[in-house]
Amino acid sequence: MRSVRLLVAAAFVLMYTYTFAQSASVTFEAQTRVFRMEGGNVSYAFGINDANELQPLYWGARLSAGDPLGPAHRNQGHASFDLPSGSTLQEFPGWGEGLYYEPALKITFPDGNRDLVLHYVDHAIDGNQLKVRLKDIEREVYVELQYQIDPKTGILARSAVITNKTSAPLMIEEAAAASWSLPNSKDYWLYYLTGRWAGEWNVQHEAIRPGARVLESRRGSTGHQNNPWFAIERGDHHDQDTGDVWFGALAWSGSWRITIQQDVLDQVRITGGYNPFDFGYKLAPGEQLETPVFYGGFTLHGIGGASRLLHQFELARILPQAPKPRPRPVLYNSWEATTFNVTEQGQEALAEKAAKIGVERFVIDDGWFGQRKDDHAGLGDWYVNKQKFPNGLKPLIEKVHSLGMDFGIWVEPEMVNPDSDLYRKHPDWVLNFAGRPRTEGRNQLVLNLARQDVRDFIFGFLDKLLSENDIAFLKWDDNRNWSEPGWPAVAPDEQKEVYVRYMQNLYSILKELRAKHPNVEIEDCSGGGGRVDLGILHYTDEVWPSDNTDPFDRLSIQDGFTYAYTPGVMMAWVTDSPNWVNRRSTSLEYRFLSSMQGSLGVGANLNLWNDEDFATAKHMIEEYKQVRDTVQHGALYRIISPENGSEESVTESVADNHDQAVVFAFLHSSQMGHPFPRVFLRGLDRNAQYRLHWITERPEGHLPESASGAYWMDHGVDLDLRGDFQATAFRLDRMQ
Ligand code: GLA
């Protein structure tokens with residue numbers, strides 16, 4: 001009897017969890033004036049308080065329908081030095097009535113008034129979407145807050161539309177997509193990502209203290225320096241998969257800012273949107289400005305759980321092929337092998353070798369166009385270089401197709417070399433301040449995409465390239481950040497709109513190209529990982545996380561990358577050894593295993609390989625194809641992190657249906673004879689039997705051929721890794 005009751009209870013819990021995990025709801029309770037949004041395992045609530053402001057009430061694990069939330073009450077402040085406007089958390093605070101914290105919106109009106117106080121007007125609910133309209137207490141400025149909650153992950157999409165219904169233009173000086181709030185606590189820990197060219201995706205972890213931590217880019221582009229992502233954990237958990245974690249990511253590829261601020265009452269606000277530095281957007285009467293989207297989520301399953309939710313969400317909701325992106329093909333790219341010296345013959349020879357090892361896509365990189373001998377000339381002149389390709393691209397494309405691969409090509413559409421026909425004809429097309437020097441980076445200048453003629457030129461040449469050639473893939477590069485961000489062709493008080501209008505046009509080019517050439521896939525690259533964010537990922541299928549292809553450095557680069565982004569978009573090439581970055585030598589097998597943790601590519605000079613190398617590569621690519629769905633679309637567990645100088649690192653990816661798991665393990669350097677720590681797997685079905693298959697050579701020792709999920713998770717596996725730069729990998733397949 002007892003066990004029957006237990007079974008019923010278990011079934012109920014399962015049903016309940018399942019219903020939660022699949023459903024979303026948005027409600028408004030008129031009596032308490034509380035909005036509630038539920039999705040996945042998350043509840044989010046805010047109320048209209050006694051001052052008619054929108055005040056956050058709850059963001060966290062899903063609550064029961066009847067749980068009391070609200071009504072919202074304005075906090076009267078701590079003392080005369082802390083006024084109610086700042087002491088009370090707000091969903092979208094205007095800068096006014098003595099707000100000392102980061103506002104979501106700051107406006108200067110033509111009469112010099114800069115006070116903005118936003119009060120509730122009305123709202124509309126439509127399925128899992130909510131729109132709430134706010135208005136300044138006196139002026140006809142409206143802000144529509146938009147919310148959409150994802151039924152599966154509980155991730156909220158938030159943005160705002162600002163409308164000027166006054167009779168005069170106004171100047172927006174600061175506009176966030178959202179302000180998120182956490183309850184008061186002195187025990188929050190922040191994760192964020194930093195980096196530089198060839199050294200991206202460093203995970204930073206620190207206690208949140210009173211004051212502000214500003215993450216930003218002033219570069220006109222997302223930037224390598226910070227990435228628009230954060231996660232905040234309550235308490236400092238050492239286990240990746242436990243703990244309450246809030247996280248967010250901004251979908252914007254231009255200058256951005258996220259401020260994490262702990263106030264005098266230990267409340268934490270996270271405000272993010274356009275970077276207000278040098279920002280100015282003139283809104284004429286009747287005009288609107290729509291902010292980017294700021295996504296935010298919550299999990300009870302630690303920083304690892306936060307990443308997994310984001311990965312799921314990106315695959316199902318963000319990527320252009322969502323909800324079911326095609327697995328990334330194994331590609332070959334000759335950049336590191338040949339740099340600018342691309343020729344028809346040379347590329348064909350590489351293509352033949354690439355096809356033999358199982359490569360599915362052949363990509364020709366920089367150097368095929370204009371007078372492009374090196375990085376001093378040619379950008380902007382998008383015609384095929386006749387010395388290198390006397391018969392155009394067609395013979396190479398046909399050759400690649402005849403070898404059973406599809407064809408991809410590199411472009412850098414937003415840039416121009418001063419030594420180019422394009423620049424000689426249109427020197428006014430670049431970002432510049434009239435009469436001032438134009439600072440070059442990699443001998444190039446940035447075209448001003450905010451201009452309609454530049455936008456049309458870029459769309460036009462890409463459309464022509466894709467219409468005239470059978471191209472399946474573009475690698476879209478962007479090899480410098482902005483300087484002198486002037487736009488002399490428009491009125492002085494409109495020039496700062498370049499920060500918004502450039503990006504809007506970039507997105508619109510990508511959108512239109514995809515609509516016209518629906519089979520073309522696009523990789524986003526910016527000297528490596530300089531422009532990776534949920535904005536660009538809406539239009540691109542994959543990204544190049546770093547120019548650093550050292551397989552050991554890549555372990556931490558890739559680890560950091562996956563805090564915010566799915567391994568399903570993370571390209572990783574196997575290149576030559578010693579690697580150009582650190583002059584480090586590693587085995588071909590080690591290099592493959594490092595790259596197989598993401599979307600596998602090969603970038604080595606195949607002309608230098610011997611038979612054994614080809615055999616190793618063929619074997620590893622075959623093995624990769626058996627696990628790529630799991631690696632690219634499964635759940636990632638960081639079993640041992642490579643961060644902080646760890647000697648070892650281990651990742652595990654588990655298929656969504658728990659039928660397969662794949663484990664990659666790396667050793668930097670054995671010391672004092674310490675054995676490799678036992679590896680305890682996660683995320684398996686405890687009761688299922690799994691068969692062990694070695695991707696690398698089977699190691700010595702007593703490892704079972706098969707065992708239960710419980711065994712692999714609780715008993716674990718001893719891996720006999722010793723030496724320097726050693727690696728091994730295996731997969732587990734559910735037995736029927
Ligand atoms: C950037 C990219 C490289 C390569 C070169 C070509 O640095 O990140 O992969 O495409 O440009 O110039």
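Being a predicted model, the structure only gives us computed values, none of them experimental. All ligand and atom numbering here is 1-based and tracks the order in the structure.
For Arg455 and Phe459, the positive end sits near the middle of the six-membered ring, less than 6.0 Å away and at most 45° from its axis. For Arg554 and Trp544, the positive end sits near the middle of the six-membered ring, less than 6.0 Å away and at most 45° from its axis.
Residue contact check: Asn479 has heavy atoms under 4.0 Å from atoms 1 (C), 7 (O), 11 (O) of ligand 1. Close approach to Cys525 involves these atoms of ligand 1, each under 4.0 Å from a residue heavy atom: 2 (C), 8 (O). For ligand 1, the atoms closer than 4.0 angstrom to any heavy atom of Gly528 are 8 (O).
Atom 12 (O) of ligand 1 has Asp366 OD2, 2.6 Å as its closest protein atom, hydrogens excluded (heavy atom only). The protein heavy atom nearest to atom 4 (C) of ligand 1 is Asp365 OD1, 3.4 Å. Regarding atom 8 (O) of ligand 1, its nearest protein heavy-atom neighbour is Asp547 OD1, 2.4 Å. For atom 2 (C) of ligand 1, the closest non-hydrogen atom on the protein side is Asp477 OD2, 3.0 Å.
At least one heavy atom of Lys475 sits closer than 4.0 Å to an atom of ligand 1.
For ligand 1, the polar-atom distance check finds an N/O of Arg442 within less than 3.5 Å of one of the ligand's N/O atoms.
When only modelled atom types and interatomic distance are considered, Glu523 and Thr540 share no side-chain donor-acceptor pair under 3.5 Å.
The distance between the ring centers of Phe552 and His668 falls below 6.0 angstrom.
Using a 4.0 Å cut-off between a side-chain N of Lys or Arg and a carboxylate O of Asp or Glu, Arg480 and Glu440 do not qualify as a salt bridge.
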